[in-house]
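Computed from a prediction, not measured in an experiment: that's the story for all the values here. First the proteins, then the strands, lettered A, B, ... as listed; each starts at 1.
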Amino acid sequence: MSKIKNYPPLPPKFFQRDTLELVPEILGKVLVRKIRGKMLSGRIVEIEAYIGNDPASHAANGMTERNKVMFEDGGLSYVYFTYGMHFCFNIVTGKKGFPAALLVRALEPLDGIEVMKKFRGTDVITNLTNGPAKLCQAMKIDRKLNGVKLDCKNFFIADDGFVVGKKDIECSTRIGIKVGTDKEWRFFLRGNEFVSKR
DNA sequence: TTATGGATCTTCT
DNA sequence: GAAGATCCATAAA
């Protein structure tokens, strides 16, 4: 059993920095979600950056009802609905007024694996959270968590002491987009079997 | 093993 | 009306 519950949430201030600078800090951290008395958690092993007027970002053309959370201070949760049936979870980064976020694409399941299996309807561990919409389903992340602060008791990011070396981080172009493909803003842990494949 | 279509919300044209 | 920061079941090869 892990000892994540002994580690306090990272404060919102932690996320109010340059987005790309945060990337190596976020990789390896633990996303914790408490629901109905159960604790679900997973180590963040894959993220993508969406910054400013980057053409691939939802915020590329200014603020809308959906993306307005991206303009808030770092440390908030941005959850959006896409393709008619899927939720994706982002960590808002940087300062208020500048739209930036890190899309969490994959987790390595730690606690509450049995609950995740139930939510996902599969027994295959590597298929629980290896995709942005999958991890939301596994952790029951939905619209209600859009815009919440990530230091509340039921939903936060924690540091359990796991160390990620610079050499363990690999980068590539982002996935599932048609513009902004010149930027290598997808980051993942080298060789981790929970990274979404493509 | 790779390809295709369905699900059907939100935004922009 | 069309496309999208997706996933999965099913079909073809």
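- Listed by residue number, the members of residues 46-63 of chain A with any heavy atom below 4.0 angstrom from DNA chain B form an empty set.
- In this structure, CD1 of A/I175 is placed 9 Å from P of C/dC7, rounded to the nearest angstrom.
- Phosphate proximity of C/dA3 to A/K178: absent, as no side-chain N or O sits under 4.0 Å from OP1 or OP2.
- For A/R186 and C/dT6, the CZ to C1' distance is 14 Å, given to the nearest whole Å.
- Below the 3.5 angstrom threshold, one finds no donor paired with an acceptor across the side chain of A/Y83 and the base of C/dA5.
- For A/N127, the side-chain hydrogen bond (donor to acceptor under 3.5 Å, both in side chains) criterion is met by A/K134, not counting sequence neighbours.
- The stretch residues 64-77 of chain A touches DNA chain B through A/T64, A/E65, A/R66, each having a heavy atom under 4.0 angstrom from the strand.
- Rounded to whole angstrom, the span from the OH atom of A/Y80 across to the C1' atom of C/dA3 amounts to 14 Å.
- Pairing analysis of DNA chain B (Watson-Crick: purine N1 to pyrimidine N3 plus N6-O4 or O6-N4; G-U wobble: N1-O2 and O6-N3; both under 3.5 Å) yields stems of 3 or more pairs at B:1-7 with C:6-12, B:9-12 with C:1-4.
- Partners of A/R174 under the salt bridge (Lys or Arg N to Asp or Glu O under 4.0 Å) rule, at least two apart in sequence or in another chain, are A/D54.
- Residues satisfying the salt bridge (Lys or Arg N to Asp or Glu O under 4.0 Å) criterion with A/K144, sequence neighbours excluded, are A/D142.
- Formation of a donor-acceptor pair under 3.5 Å by the A/N67 side chain with backbone atoms of A/M70 is not found in this model.
- Contacts of A/I177 with the nucleic acid, taken as non-hydrogen atoms under 4.0 Å apart, involve only primed sugar atoms and P, OP1 or OP2.
- Comparing the same atom, P, in B/dG5 and in C/dA3 gives a spacing of 15 Å after rounding to whole Å.
- If you walk DNA chain B from 5' to 3' and mark each nucleotide with an atom closer than 4.0 Å to a heavy atom of chain A, the marks span B/dA7 to B/dC12.
- Going from atom CE of A/M85 over to atom C1' of C/dA5 covers 16 Å, rounded to whole Å.
- Under the side-chain hydrogen bond (donor to acceptor under 3.5 Å, both in side chains) criterion, A/T93 pairs with A/T19, sequence neighbours left out.
- For the pair A/Y78 OH and C/dA5 C1', the computed distance is 9 Å after rounding to whole Å.
- Remark on DNA chain B: of its neighbouring residues A/H86 and A/R143, the 5'-side contact belongs to A/H86, judged by nearest-heavy-atom nucleotide.
- Every residue two or more places apart in sequence or in another chain was checked for a side-chain hydrogen bond (donor to acceptor under 3.5 Å, both in side chains) with A/T173, and none qualifies.
- Aromatic rings from A/F155 and A/F89 are positioned such that their centres are separated by under 6.0 Å.
- The CZ atom of A/R105 sits 11 Å away from the C1' atom of C/dC7 (whole-angstrom rounding).
- In terms of modelled atom types and a separation under 3.5 Å, the side chain of A/E108 and the main chain of A/V45 share no donor-acceptor contact.
- The side chain to side chain contact (heavy atoms under 4.5 Å, CB included) check on A/T126 picks up A/V124, A/E193, A/F194, with sequence neighbours excluded.
- Remark: A/K96 pairs with A/E72 by the side-chain hydrogen bond (donor to acceptor under 3.5 Å, both in side chains) rule, at least two apart or across chains.
- Sorted by residue number, the members of residues 117-124 of chain A with any non-hydrogen atom under 4.0 Å from DNA chain C read A/R120.
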